[in-house]
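Take a look at the structure below.
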Amino acid sequence: MKRTLGVCYYPEHWPEDQWASDAAQMVATGLTWVRIGEFGWSRMEPAPGTFTWDWLDRAIDVLGNAGLKIILGTPTATPPRWMVDKHPDMLAVDAEGRTRKFGSRRHYDFSHLGYREECKRIARLMGERYGKNPHIAAWQIDNEYDCHDTTLSYSQAARAGFQDWLAQKYQSPDALNRAWGNVFWSMEYDDFDQIDLPNLTVTEPNHPHQLAFRRYSSDQVVAFNKVQADELRTHTHAPLIHNYMGRITTFDHWKVGAALDIASWDSYPIGFLSDRLEGTPAFKQAFLRQGHPDNQAFHHDLYRAVGKGRMWVMEQQPGPVNWAPYNPAPLPGMARLWAWEAFAHGAETVCYFRWRQAPFAQEQMHAGLLRPDSAPAPALAEARQVADEIEALSDVGTAQAQAALVFDYESAWAWDAQPQGADFEMFRLAFAAYCALRRTGLNIDILPPETSDLSGYKLVMAPGAMKLSDPLKQALATFEGIALVGPRTDTKTEELSMPNPLGPNLPGTDITVSLTESMPPDDAITLEDGGRFVHWFEHLEGHADVIAQTASGQPAIMGTKNLRYLAGWPDGATFDQIIRGACAELDLEAKALPEGLRIRDTGTHRFVFNYANHAQDWRGTTIPAAGVHWEAL
Ligand code: GAL
């Protein structure tokens with residue numbers, strides 16, 4: 001499939017007489033797609049029931065007639081001011097009980113059914129008006145669920161919805177009391193109406209109470225999305241998309257994705273490195289203008305799976321952003337590298353955010369492809385270069401992965417509720433495993449927790465999955481490669497209590513976690529071969545083989561030829577060593593890629609990306625800083 005480029009555009013921000021020249025310049029840059037509309041509600045419906053579609057009709061005509069394909073967004077991330085007057089209780093409430101006010105965006109509560117109805121209505125009206133429009137080739141529903149921490153709300157609407165959800169799930173307060181262990185500290189309820197949201201308690205709320213609220217909150221995002229998806233489906237055959245974010249675990253993306261055709265995500269590598277990823281100061285300095293060399297790949301692989309094979313980058317950073325603590329400019333070449341890396345990981349389309357930098361409002365310091373004065377910004381030429389390169393490289397093929405990583409959102413909620421060690425976080429653990437796999441140069445697939453088919457993979461990892469699903473257990477029982485689960489895998493019940501017999505309950509191997517320790521950042525458990533477990537260590541017992549041990553002779557990895565339990569959280573070098581050892585057993589080539597050099601094999605090509613700020617050698621080829629190299633396979 002030929003890959004395409006696009007851009008995010010806001011016709012409502014610019015004089016109408018500029019639209020045609022903007023469109024012509026987009027086409028001249030080699031762009032195929034333009035995304036519009038997702039924040040335009042106050043201009044579509046300036047007063048309740050009063051519609052001004054004419055500008056949007058004309059914008060669609062101008063952009064479409066110029067030859068661009070349009071992604072039309074539903075504007076539900078930005079309810080206009082009148083909406084708040086109409087539904088004063090639609091605003092979300094934070095965990096401290098403070099209302100989150102109007103004046104930016106995403107000021108809605110996923111539990112508010114009145115607002116959900118308004119979203120269904122605007123989706124219906126847009127579907128009726130534009131669903132058959134030949135220029136509208138895709139739809140985006142809402143914008144970045146959970147952006148600005150908006151999945152969880154502690155409002156009255158959430159409280160009522162949660163109580164109803166609990167009543168349906170548990171049927172009787174007694175069943176809930178038993179499931180949650182509410183006898184502990186006399187927390188028993190007589191009625192679902194008594195159950196509050198798990199905030200503002202004296203000390204931590206009961207873990208299953210927190211987990212139930214996280215499940216409930218995720219379900220609201222799933223339902224909110226589905227209402228719009230179902231409505232749009234009745235009016236259009238164009239694919240439905242949402243633009244997810246990086247490192248967001250507050251809702252189950254697998255479930256949201258089930259109602260959509262394509263998973264897209266918004267990639268801001270430099271903002272992320274400074275704001276949202278762990279790393280030593282030296283590492284962050286080395287990648288200041290390039291981003292973490294594995295973060296983009298992780299999310300491409302994750303969302304390719306969430307999208308059931310179809311993935312886009314809906315927003316690609318073009319220059320400095322405005323929202324991170326520090327906002328350096330990318331190294332020349334990065335706007336090209338990020339796009340090619342996305343394509344190599346299966347992205348069909350990469351859209352840069354945004355066309356022209358806005359001279360006003362919150363994001364006026366955020367770069368675009370054009371400066372606010374319409375002169376080209378540095379990324380414009382790189383987009384043009386990618387467009388030319390796509391013409392020359394019409395098919396980059398799809399990839400076969402040797403390794404797989406199971407990623408489960410429920411486990412993220414479980415460990416948020418019960419971290420047990422301040423550094424234990426699901427994303428962090430999964431990402432550490434992913435980075436180690438990637439440093440060996442393997443292709444990686446990310447899999448949902450209900451996966452039942454592991455054929456085709458040689459190495460499978462499932463760190464931190466609180467409870468392995470039955471289908472996955474069955475697949476593991478007959479797996480012929482090496483599966484490495486743990487730490488903290490299959491050690492809890494659905495309700496976040498301890499199973500009896502104690503976990504993990506792995507097919508065909510007798511292993512029990514008898515005691516769990518977490519450690520402060522400067523402490524570690526030393527392994528016999530010099531490796532280290534950091535953050536977390538589980539004492540294992542049972543009759544399985546001890547495959548590796550600690551310096552003091554405790555099991556570090558235990559299991560069988562095919563299914564092994566990792567007792568701790570390895571540091572980077574130890575993860576590398578463990579994965580390399582497994583690759584050697586499997587006869588899989590494990591490369592030792594230098595820092596910043598990453599590869600991805602597709603069906604047709606090997607791509608090599610140099611995230612480093614200096615040139616590096618790849619088997620005799622010098623790849624400049626921020627350079628991309630590909631060779632036919
Ligand atoms: C994204 C968002 C865009 C824009 C962008 C700025 O999170 O979807 O609307 O705000 O960030 O980097």
Side-chain angles (χ1 to χ4, degrees), residues 6-14 33-43 71-80 103-108 138-151 221 225 241-251 253 256 260 262-277 289 291 295-296 299 303 312-330 334-335 338-339 342 349-372 377-379 383:
V7 75
C8 306
Y9 185 55
Y10 300 90
E12 69 275 26
H13 296 180
W14 309 108
W33 294 89
V34 59
R35 183 194 67 176
I36 62 170
E38 83 278 11
F39 300 132
W41 202 333
S42 71
R43 292 295 174 96
I71 307 141
L72 184 58
T74 67
T76 53
T78 51
S104 64
R105 65 176 169 184
R106 299 209 55 76
H107 41 280
Y108 70 83
W139 290 77
Q140 177 183 300
I141 296 177
D142 202 87
N143 190 80
E144 291 192 340
Y145 296 136
D146 196 48
C147 186
H148 318 305
D149 296 322
T150 47
T151 298
V221 179
N225 178 73
I241 312 178
H242 175 71
N243 57 334
Y244 304 103
M245 299 172 73
R247 201 181 181 153
I248 294 294
T249 55
T250 52
F251 63 92
H253 293 52
V256 171
L260 302 174
I262 299 172
S264 76
W265 77 287
D266 297 345
S267 176
Y268 291 93
I270 295 179
F272 255 74
L273 181 79
S274 98
D275 196 29
R276 308 205 182 145
L277 293 171
R289 297 173 182 279
N295 177 58
Q296 290 62 252
H299 290 95
Y303 292 127
W312 288 20
V313 174
M314 192 64 92
E315 299 181 13
Q316 176 62 66
Q317 175 167 6
V321 301
N322 62 297
W323 45 261
Y326 306 99
N327 297 296
M334 287 313 294
W338 294 324
T349 295
V350 173
C351 298
Y352 290 95
F353 180 93
R354 51 188 274 157
W355 177 241
R356 184 186 295 101
Q357 181 172 349
F360 47 77
Q362 279 95 325
E363 291 178 357
Q364 56 182 271
M365 299 301 286
H366 191 298
L369 294 183
L370 300 185
R371 301 189 328 206

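In what follows, residues are counted from 1 in the order of the sequence shown. Atoms within a ligand are numbered from 1 in the order they appear, just like the ligands themselves.
- Take Tyr108 and apply the side-chain hydrogen bond (donor to acceptor under 3.5 Å, both in side chains) test, not counting sequence neighbours, and it matches Arg106, Asp142.
- Between His253 and Tyr145, the gap from one ring centroid to the other reaches at least 6.0 Å.
- Applying the salt bridge (charged side-chain N to carboxylate O under 4.0 Å, His left out) rule to pairs touching residues 355-371 yields Asp22-Arg356, Arg105-Glu363, Arg371-Asp373, sequence neighbours excluded.
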Close N/O pairs between ligand 1 and protein, under 3.5 Å:
from, atom 1, to, atom 2, distance (Å)
ligand 1, 7 (O), Glu144, OE1, 2.4
ligand 1, 7 (O), Glu144, OE2, 2.9
ligand 1, 8 (O), Asn143, ND2, 2.9
ligand 1, 8 (O), Glu144, OE1, 3.2
ligand 1, 8 (O), Glu144, OE2, 3.3
ligand 1, 8 (O), Glu315, OE1, 3.1
ligand 1, 8 (O), Glu315, OE2, 2.8
ligand 1, 9 (O), Arg105, NH1, 2.9
ligand 1, 10 (O), Arg105, NH1, 3.3
ligand 1, 10 (O), Arg105, NH2, 2.8
ligand 1, 10 (O), Glu363, OE1, 3.4
ligand 1, 10 (O), Glu363, OE2, 2.3
ligand 1, 12 (O), Trp323, NE1, 2.7
ligand 1, 12 (O), His366, NE2, 2.7

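- Checking Gln140 against Asn243 by side-chain atom types alone, a donor-acceptor pair falls below 3.5 Å.
- Applying the salt bridge (charged side-chain N to carboxylate O under 4.0 Å, His left out) test to pairs two or more places apart or on separate chains, those with a residue in residues 314-326 are Arg35-Glu315.
- Ring centers of Trp14 and Trp355: at least 6.0 Å apart, outside the cut-off.
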